[in-house]
Visitor: 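One structure follows; several queries about it will come next.
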Amino acid sequence: MIIHDRVDVCVVGLGAAGGIIAAQVAAADLRVVGIEAGADYGENAGEAFDTDEITYVVDQALQWRDPEVLVFNDRLPVVSNWLSRNIGVGGPHHWSGFAIRFHPSDFRVASTSGVPDGSSVADWPISYDELAPFYDAAEAMLSVAAGTPHPWQPPRQRGFPQPPLPDTRRSQMLTDAAQRLGWHPFRPPAAIMTEPVASSRRSPCNLCGHCTLFGCTRNSKASTAVTVLPAARAIGRLEVRPLCLAVQVAVDKGGRPRAVHYLDHLGQAHEQPATVIVLANNAPYVAKILLLSTSPKHPAGLGNQHDQVGRHLTFHTSTCVYGLFDEPLHPSRGPAPQVAVDDFSEDRPLRSGADFHRGGQMVGGMPASFAGGPLSFVLALDEWLPLPDGVPPYGDGLLRFAERAFSRHMAVFCLGEDLPRAENRVTLDPVVRDRAGLPALRVEYSNHPEDLRQIEYFASKAQTRLEEAGARSVVRAPAALPGGMRAGHAHGTTRMGLDRETSVTDDTGLVHGVDNLFVAGAGGFVTSAGVNPCLTVVALGLRAAPHIIDSAR
Amino acid sequence: MTAAMLTPHELDVLDQLLACVLPSSSGPGATEARAIDYVVARLPTESPEMVAALRDGIKRAEAAGLNADAMLRAWSADRSAPQWQLFRRVRAWAWEGFLCDPRHAGNRGQAGWTRFGIAGPPQPDGFTPEELVAPTSAVTTPPETPASSRKAKTDDHP
């Protein structure tokens, strides 16, 4: 074991939350070490990236790949790599750039919607109003391109820092179709630079369409590598340790966290003592570290005295429907954030007669593979993306369909709020081991019955919209797990709350029962909301940073 | 296990399997793109278990007198059978070898990209806002190639 000198703060995971917290801690003149599983792409990360689909889609260079034991909807366990565990110093690199605020009601679901039977719905310990200033700061930090107004837009005090992304032919078609249906389409805000900013490392987007799963070659898409980490590195108070896998948090005899144990890329064990520790890696894997951190004072793992670590796991429901058109639409051109509809978020479907609580946002215009070029599209076909009736699984019929559909389709995705359940959880598998020889993560998740009704509702709405836009035929992907696309968003597992018996951390991410261990990221989410999580992760990180700094002083 | 663990005969069978997945009957397919070269380059990174399963699958199929086309038909017949995983692997290899960046040894002469209407590495220079909203009749169309001359044949597809 290599034992390093003590530092003020050790941050595990230098992504959307950890990168910002590390930068704020360094700016406060505290010494911080960042432990990151992925590579360090430097201060001009875009130079390290390209649009190669073998690298980013087949080999998934921005994903950590470990076996997980998956038990979905009471099916038999399957060992696979399924959780989207995005890596790389200065992330998020992989994301689509949707930078959307939660609605005020998303923080008060129990109060506004009630607690459906069989769910563990609860209110967040913070409100939209408390987080709003941090949303403002997050949008400024990410240089968010403007969204257009819509009736359910969360209240905001400031304008957007950048002009909107341009329309595409598909966004125009879907906008027109939605308006004919009486819906309220809008341009979603995106953390993608549209105008140059003096002294920024970021260039305006060139609309290449390689957002999701790819690092941005022009740094147009925001990542902490190019927004906040360069300044933190320049101060000389941040040390980055890439290609290092955090394993557990070591405690002293009194049970107080004192160090992070991690493995470097050669498998060598290290210990990094720190006054304050922040776990800001992928949410289910934060839970794994806590569960592995057993000691006489914490026999079930840190923060787990009430068996809450790993519970209330949510993923979003991801309903994908794609339409086939006669005309070329070239869906792989242009960024993913094109057009959204908020008519089916919060409890609007319920109020209009649907039989489920909480909906989600519908976005569209991108390829059914969500991003990338032809290889991304064809590799999804007949895997999670069904083929239309009559198209064979191989042969000339498949090739001719794929060749034509690649340029003549577009998709509508519905990102739904899945209801949390205490039974949906991650634990340590007793048999299967990960690449480091540690227990693999066991993921047990069953959709609440209302989720399944929501998926059907969204699929029907998406089909209606695509047909209104002129689709000759429409194909629905199965969205109930294990069908559908791979999970992009994992939330919960270290739930925030005021009640120590039903949560893992307080509203700042401080783990109950200790005074120097914080959790950051989507693990604290009490409910999943029906929008992309990243902007809220960043805002929560900005809100937590002063508390972390105070604890380290 | 490396490509050397596949015999020349096994590689030849694999080449035939790739050609059956993406045949050349209506334009360039896996053969023209030299998808097999991509697979040979990738084999060292594949799991030994998967390569062993492929060898075993080929051996059993040939013992039953199956040619490449019959092999694919048998492997893809039952999605719950272990052979389905072999079929998925071979199909993914075919697509990857057909549409990868040529630096990975497949997509020779950009045969796959050309057939899919991609001129060169996918969108390295991006697009202008005008190109994104252009009426579809004015949107850049695939270059005129042997593939694009097949359009009349593909119109009956969705």
Visitor: Can you tell which of B/Ala94, B/Pro23, B/Cys20 has the highest number of heavy-atom pairs within less than 4.5 Å of chain A?
Guide: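 Most pairs with chain A among the choices: B/Pro23.
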Visitor: For A/Asp176, which residues count as a side-chain hydrogen bond (donor to acceptor under 3.5 Å, both in side chains) partner, sequence neighbours excluded?
Guide: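 side-chain hydrogen bond (donor to acceptor under 3.5 Å, both in side chains) list for A/Asp176, sorted by chain: empty.
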Visitor: With ring centroids as reference points, do B/Phe127 and A/His330 lie under 6.0 angstrom apart?
Guide: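 Centroid distance B/Phe127-A/His330: not below 6.0 Å, so no.
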Visitor: Kindly determine whether A/Phe377 and A/His409 satisfy ring pair (Phe, Tyr, Trp, His ring centres under 6.0 Å), including the steps that lead there.
Guide: CA-CA 10 Å; A/Phe377 175 65; A/His409 86 281; 4.4 Å; yes
Visitor: With a 4.5 angstrom heavy-atom cut-off, which part of B/Thr128 approaches chain A: side chain, backbone, both or neither?
Guide: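 Backbone only.
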Visitor: Between B/Arg115 and B/Glu32, is the closest basic N to carboxylate O distance under 4.0 Å?
Guide: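 Result for this pair is no, no salt bridge flagged.
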Visitor: Using heavy-atom distances under 4.5 Å, tell me whether A/Val378 contacts chain B through its side chain, its backbone, both, or neither.
Guide: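 For A/Val378, the contact with chain B is made by backbone and side chain together.
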Visitor: So, do A/Pro337 and A/Met366 sit near enough that their side-chain heavy atoms are less than 4.5 Å apart?
Guide: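 Not in contact.
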Visitor: Which residues in residues 57-74 of chain B have any heavy atom lying under 4.5 Å from a heavy atom of chain A?
Guide: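 B/Asp69, B/Leu72, B/Arg73 fall under the 4.5 Å cut-off.
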Visitor: Name the member of A/Leu381, A/Leu165, A/Asp52 that forms the most heavy-atom pairs with chain B at distances under 4.5 Å.
Guide: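 Going by pairs under 4.5 Å, I would pick A/Asp52.
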Visitor: Is the distance between the ring centroids of A/Tyr394 and B/Phe87 less than 6.0 Å?
Guide: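 So the answer is yes for these two rings.
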Visitor: Closer than 4.0 angstrom, basic N to acidic O: yes or no for A/Arg333 and B/Glu131?
Guide: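 No, no charged N to carboxylate O under 4.0 Å.
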Visitor: Quick one: what part of A/Asp50 sits under 4.5 Å from any heavy atom of chain B, side chain, backbone, both or neither?
Guide: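 For A/Asp50, side-chain heavy atoms alone lie under 4.5 Å from chain B.
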Visitor: Salt bridge or not for A/Glu47 and A/Arg201, using N-O below 4.0 Å?
Guide: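 Not counted as a salt bridge, because no side-chain N and carboxylate O are separated by less than 4.0 Å.
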